[in-house]
Amino acid sequence: MHLLLVDGSAYIFRAFHALPQLSRKSDGLPVGCVQGFCNMLFKLTEDLKGEDEPTHMAVIFDAKGKTFRDDVYTEYKAQRPPAPAELVPQFPLTRSATRAFNIPSIEMEGWEADDIIATYARLAREAGGKVTIVSSDKDLMQMVEPDGSIRMLDTIPRPGQPPLRWIGVEEVFSKFGVTPDKVIEVQALCGDSVDNVPGVPGIGVKTAAELINTYGTIENLLDHVDEIKQNARREKLRDNADLARISKQLVTLSQTVPVELDVDALARQPIEPGKLFPFLKAMEFATITKRLATHLDANPDDFAADPELAAKTAPGAVGFDNAARAEARAARQEATGRSNASTVAHAADMHAQTRAIPFKPEAYEIIRDTEHLQRWIDAAYSVGHVATDTETTGLDNQTADLVGISFSTAPGNGAYLPLGHTQGEGDIFGGGLAEGQMDIRVALDMLRPLFADRSILKIFHNAKYDLGLLARYDVPVHSIDDTLLLSYSLDGPQFNTMSELGEHWLGHPGQSIKDLIGSGKGQKTFAQVSIEDGARYAAEDSDMTIRLWRVLKPRLVAENMTTLYETIERPLAPVLARMEGRGVNIDRQILSRLSGEFAQRAAAFEAEAHELAGQSFNLGSPKQLGEILFDKMGLEGGTKTKTGAWSTGADVLEDLALKGIPLARTIVDWRQLNKLRGTYTDALPDYINERTKRVHTTYSQHSVLTGRLSSNDPNLQNIPVRTADGRKIRTAFVAAPGKVLISADYSQIELRVLAHIADIQALKDAFEEGLDIHAMTASEMFGVPVEGMPSDVRRRAKAINFGIIYGISAFGLANQLGIGRGEAGDYIKTYFERFPGIRAYMDEQKRRVKADGFVSTIFGRKINFPNANSHNPSERAFVERASINAPIQGSAADIIRRAMIRMEPELAKAKIDADMLLQVHDELIFEVPEGTQDQAIPVIKAVMEGAAEPAVRLTVPIQVDAHAANNWDEAH
DNA sequence: GCAAGGACGTA
DNA sequence: GTACGTCCTTGCA
């Protein structure tokens with residue numbers, strides 16, 4: 001007997017994640033995983049021949065509902081995100097597929113598929129049979145037998161790997177570092193974040209294997225825990241002994257499930273065309289139908305599609321309700337003239353096709369002369385596009401030097417043009433250019449026309465970097481695509497790096513830069529890498545870029561994201577590149593003077609703190625401070641953080657100070673000064689670029705969930721403004737000689753956006769009339785007239801307005817205002833009564849995020865929340881709040897992005913010489929020649945205020961305030 | 001040398 | 001209550 005047990009549920013999930021199948025039925029229902037599943041069943045019967053041919057077969061699924069593990073540990077699998085909407089309708093269809101192939105489909109309430117599989121495997125083995133478990137799930141690896149009587153078989157399609165991959169003792173060992181009989185011990189120690197098996201915190205697979213190989217079992221390990229030398233490890237094991245024991249229960253498969261069918265009942269039955277073809281036809285699987293018709297020597301035309309299945313599959317699945325589908329189809333048809341199904345199918349085709357093309361590093365070329373370079377330029381002209389990537393000596397494109405450029409015109413090809421590789425020792429005397437490289441001036445002269453040519457698309461990954469760098473070499477670039485921004489437009493910030501994208505979409509992470517240049521102290525620059533090694537890496541980068549482009553670009557149309565990408569993301573990148581390139585002028589003297597002042601005042605606070613504490617300690621250590629306040633001084637009311645340390649945040653210290661603990665106030669003051677010194681006055685001067693004498697931040701266009709930018713190295717979006725000391729730092733941001741700074745900021749943009757989206761007439765009227773919005777809110781809520789309103793009343797209303805934008809909770813509002821939760825709840829209730837549209841808006845966002853897994857901005861940006869249906873209540877509540885905030889924050893972010901894109905051409909049209917330097921979410925900073933500010937400001941304001949148009953006609957006025965001054969503090 | 005956690009700067 | 005990035009300490013490799 002040879003029993004083949006297919007882990008059906010795991011197959012669907014893994015197939016989906018390994019290779020998102022985009023194929024759909026003509027009605028839009030996703031069926032890619034069902035298709036893959038049918039292919040696999042067919043392939044198994046085809047490929048397993050001779051001694052591997054199974055005599056018995058079953059497909060096992062997870063049943064809905066609880067299992068015994070939920071009783072052992074309530075958090076078990078609690079973190080698991082809900083199945084993707086695309087997958088949900090495919091679960092029942094896979095069971096139908098199994099029956100259509102005349103194979104028993106088994107699932108049992110209260111048991112996981114793994115337990116049933118383990119049970120059958122045991123029964124078959126006891127009967128002297130052989131077992132093959134079709135799964136790659138690590139949880140089943142404990143079943144593998146060294147004598148080969150139980151093996152696993154991984155059938156998930158992965159490019160570049162054989163279709164069937166056996167998993168025996170060796171493969172288990174390489175995964176867990178132990179033999180299969182010890183797998184549960186290792187799993188119990190290291191835990192599993194996906195299934196929420198706790199394990200012992202801080203212990204990973206490596207450490208677990210090491211421990212188990214020494215001590216054999218968890219129990220024996222716990223008996224000998226005193227022998228562990230590493231302090232932290234020993235204590236963790238001691239403290240978490242029970243967690244380890246519970247974890248072992250969770251990961252140990254039951255082999256005694258009371259199965260209904262005995263093993264003999266699983267004997268293989270011949271496929272019955274009368275069952276099979278009606279199913280395949282209902283699924284519209286033409287290729288499989290043809291193959292099986294040949295295989296069975298049957299005529300599919302003799303059978304009609306199963307009417308029940310064909311009908312049942314259409315509507316109702318989460319995320320695919322009819323209205324949404326019709327809307328999406330209409331938008332797509334409008335955009336392209338192609339039908340929904342065909343654009344989706346095209347995207348899926350391109351993906352499958354691209355993914356199947358193997359990588360051939362040996363095919364990559366190295367360009368060393370003009371003829372060779374010309375051939376590649378010609379190739380770019382003949383196909384009309386080229387993926388390209390610059391290699392440089394560093395991550396900062398304002399200081400890095402160009403080392404080489406790579407190209408690819410089609411998946412699988414690639415070339416590297418080395419320009420700045422050095423040779424010999426990397427010291428200041430050795431080196432010099434390595435042999436066999438084109439002269440950089442000659443090469444760039446040849447490339448300039450190509451990069452500037454608007455008829456040839458240059459495809460980058462993170463174009464902003466290359467654009468900024470090439471600009472320094474006088475190489476302007478026109479007509480670009482950017483795979484990073486394609487990915488961001490489609491999927492948000494979930495994948496960032498080339499290797500993550502490559503891994504996900506191509507099944508190929510690509511060479512890691514670390515392997516090439518190392519990391520940390522011994523790190524080399526790309527210039528020190530050999531030309532040959534550099535070429536393999538660089539050419540592959542361009543090769544991957546063009547592949548990702550082929551996969552992602554068709555998805556824009558299929559998923560209705562073309563407008564977002566083409567009108568916002570792509571045009572913004574060059575704008576940001578120029579802003580980064582301009583930098584901002586900073587007065588080193590002012591910062592250095594402030595640094596001295598802050599240091600001196602901080603030192604006084606430090607001495608005072610030591611005095612008050614009666615001992616010397618490190619004020620920068622929350623740990624030491626907590627011990628002094630709550631252990632030594634024995635103060636009441638201390639709270640602990642999630643890791644068990646004393647909480648010493650500013651709010652806690654503020655409370656203590658009010659209770660008459662002077663030390664608390666001293667610490668707060670010290671921390672503030674120290675923060676200003678460490679993060680700003682000391683750090684900023686080091687960012688002044690030697691070449692430009694200015695500070696160049698780097699914006700990230702693809703990092704923020706809601707569509708905002710972020711700024712780093714240095715972060716110029718968090719320069720202090722709230723305190724007087726903090727504002728002194730802003731005075732160091734000065735205009736260049738002969739120029740002034742203009743700061744233009746949107747007034748209450750998020751509340752205005754809220755008024756528009758949620759359609760709150762009272763708010764809109766208030767904005768229309770130019771009222772003080774917080775005072776108006778206070779007046780509505782508390783019945784206090786705006787005239788002579790106490791500042792505290794306005795302050796509360798302001799907090800509530802912000803609370804609404806953040807997805808208010810009574811808990812949070814109470815915290816913010818220092819009032820009781822009941823009172824905060826009453827405020828919220830009153831607010832909802834006064835502005836009933838707000839509640840409707842919030843409910844709608846919550847409904848959408850649960851149904852679709854995303855919410856949208858008014859410009860069509862999608863913000864994904866994969867955890868919207870999490871089993872964890874606090875996580876769910878978090879997603880609810882974030883889904884309320886995201887369309888507001890995101891729509892405001894879209895508006896300023898649009899303003900930035902339009903700003904330069906509008907200024908040029910008005911013949912105004914103004915340089916846009918910085919963006920701080922609702923504020924833009926410009927530098928203009930002194931005396932021209934009065935001409936510049938009206939244009940800037942007009943562009944910003946009208947930025948939503950014509951895409952969206954806002955039903956509230958947008959107001960921008962702008963001022964000019966010599967420094968940022970005064971301009972703001 | 002690196003990762004995690006706490007704290008804190010901004011909108 | 002939303003969204004970020006940076007500095008510092010701590011603990012481990």
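Chain identifiers are assigned alphabetically (A, B, ...) following the order of the sequence lines, protein sequences preceding nucleic acid strands; residue numbering begins at 1 within each chain.
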### Query
Between L751(A) (CG) and dT2(C) (P), how many Å, whole number?
17 Å

### Query
Quick one: side-chain contact (heavy atoms from CB on, under 4.5 Å) partners of R671(A), sequence neighbours excluded?
L625(A), T648(A), L653(A), I667(A)

### Message
Check this one for me: any side-chain N or O of S703(A) less than 4.0 Å away from OP1 or OP2 of dC4(C)?
### Response
no

### Query
Could you state the CG-P distance from L813(A) to dG1(C), rounded to the nearest angstrom?
10 Å

### Query
Heavy atoms under 4.0 Å, any strand shown: does F878(A) hit a base, just sugar-phosphate, or nothing?
sugar-phosphate

### dT6(C) OP1/OP2 closer than 4.0 Å to side-chain N/O of T679(A)
no

### Query
When we call it a touch if two heavy atoms are under 4.0 Å apart, what does A824(A) touch: a base, just sugar-phosphate, or nothing?
nothing

### Task
Check whether any side-chain heavy atom of F630(A) sits under 4.5 Å from a side-chain heavy atom of L656(A), and report yes or no.
yes

### Message
Please classify the nucleic acid contact of D713(A) as base, sugar-phosphate, or nothing, using heavy-atom distances under 4.0 Å.
### Response
sugar-phosphate

### Summary
Minimal heavy-atom distance between Q494(A) and E500(A), with the atoms involved, is O-OE1, 4.4 Å

#### Entry: Touch class at under 4.0 angstrom, heavy-atom based, for I884(A) against every strand present
nothing

### Summary
Residues of residues 825-845 of chain A with a heavy atom under 4.0 Å from any atom of DNA chain C, listed by number, are none

### Query
Between atom CD1 in I203(A) and atom P in dA13(C), what is the gap in whole Å?
10 Å

### Query
For dG5(B), does either OP1 or OP2 sit under 4.0 Å from a side-chain N or O belonging to K623(A)?
no

#### Entry: Gap between atoms CZ and C1', on F598(A) and dC7(C) respectively (whole Å)
16 Å

### Task
With heavy atoms under 4.0 Å as the rule, sort G620(A) into base, sugar-phosphate or nothing.
sugar-phosphate

### Query
Does NZ or CZ of K623(A) come closer than 6.0 Å to the centre of the six-membered ring of W646(A), within 45° of the ring's axis?
no

### Message
I need the CD-P distance between E627(A) and dT10(C), as an integer number of Å.
### Response
9 Å

### Task
Sequence neighbours left out, what pairs pass salt bridge (charged side-chain N to carboxylate O under 4.0 Å, His left out) with at least one residue falling in residues 816-835 of chain A?
R796(A)-E823(A)

#### Entry: Verdict with supporting geometry, W670(A) and F605(A), ring pair (Phe, Tyr, Trp, His ring centres under 6.0 Å)
CA-CA 6 Å; W670(A) 177 87; F605(A) 283 127; 9.3 Å; no

### Task
Not counting sequence neighbours, which residues clear side-chain contact (heavy atoms from CB on, under 4.5 Å) with H610(A)? List them please.
E606(A), S616(A), F617(A), L619(A)

Listed pairs under 3.5 Å, donor-acceptor, residues 884-894 of chain A side chains, sequence neighbours left out:
unit_1: N885(A); atom_1: OD1; unit_2: Q889(A); atom_2: NE2; d: 3.3
unit_1: N885(A); atom_1: ND2; unit_2: I805(A); atom_2: O; d: 2.9
unit_1: Q889(A); atom_1: OE1; unit_2: T706(A); atom_2: OG1; d: 2.6
unit_1: S891(A); atom_1: OG; unit_2: I858(A); atom_2: N; d: 3.1
unit_1: S891(A); atom_1: OG; unit_2: P887(A); atom_2: O; d: 2.5
unit_1: D894(A); atom_1: OD1; unit_2: R861(A); atom_2: NE; d: 2.8
unit_1: D894(A); atom_1: OD1; unit_2: R861(A); atom_2: NH2; d: 2.8
unit_1: D894(A); atom_1: OD2; unit_2: T857(A); atom_2: OG1; d: 2.7

### Message
For F835(A) together with Y831(A), are the ring centres under 6.0 Å from each other?
### Response
yes

### Task
In whole angstrom, give the distance that lies between atom CZ of F865(A) and atom C1' of dA3(C).
10 Å

### Query
Between H963(A) and E970(A), is any side-chain donor less than 3.5 angstrom from a side-chain acceptor?
no

### Query
Could you give the CZ-to-C1' distance, from R881(A) to dG1(C), as a whole number of Å?
6 Å

### Query
Is the phosphate of dT9(C), meaning OP1 or OP2, less than 4.0 Å from a side-chain N or O of N618(A)?
yes

### Query
Over how many whole Å does the gap from K798(A) atom NZ to dG1(C) atom C1' extend?
16 Å

### Under 4.0 Å protein heavy-atom contacts per nucleotide of nucleotides 6-11 of chain B, with B for base, S for backbone only and - for none
SSBBBB

### Task
Just call it for I805(A): base, sugar-phosphate, or nothing, with non-hydrogen atoms closer than 4.0 Å on any strand.
nothing

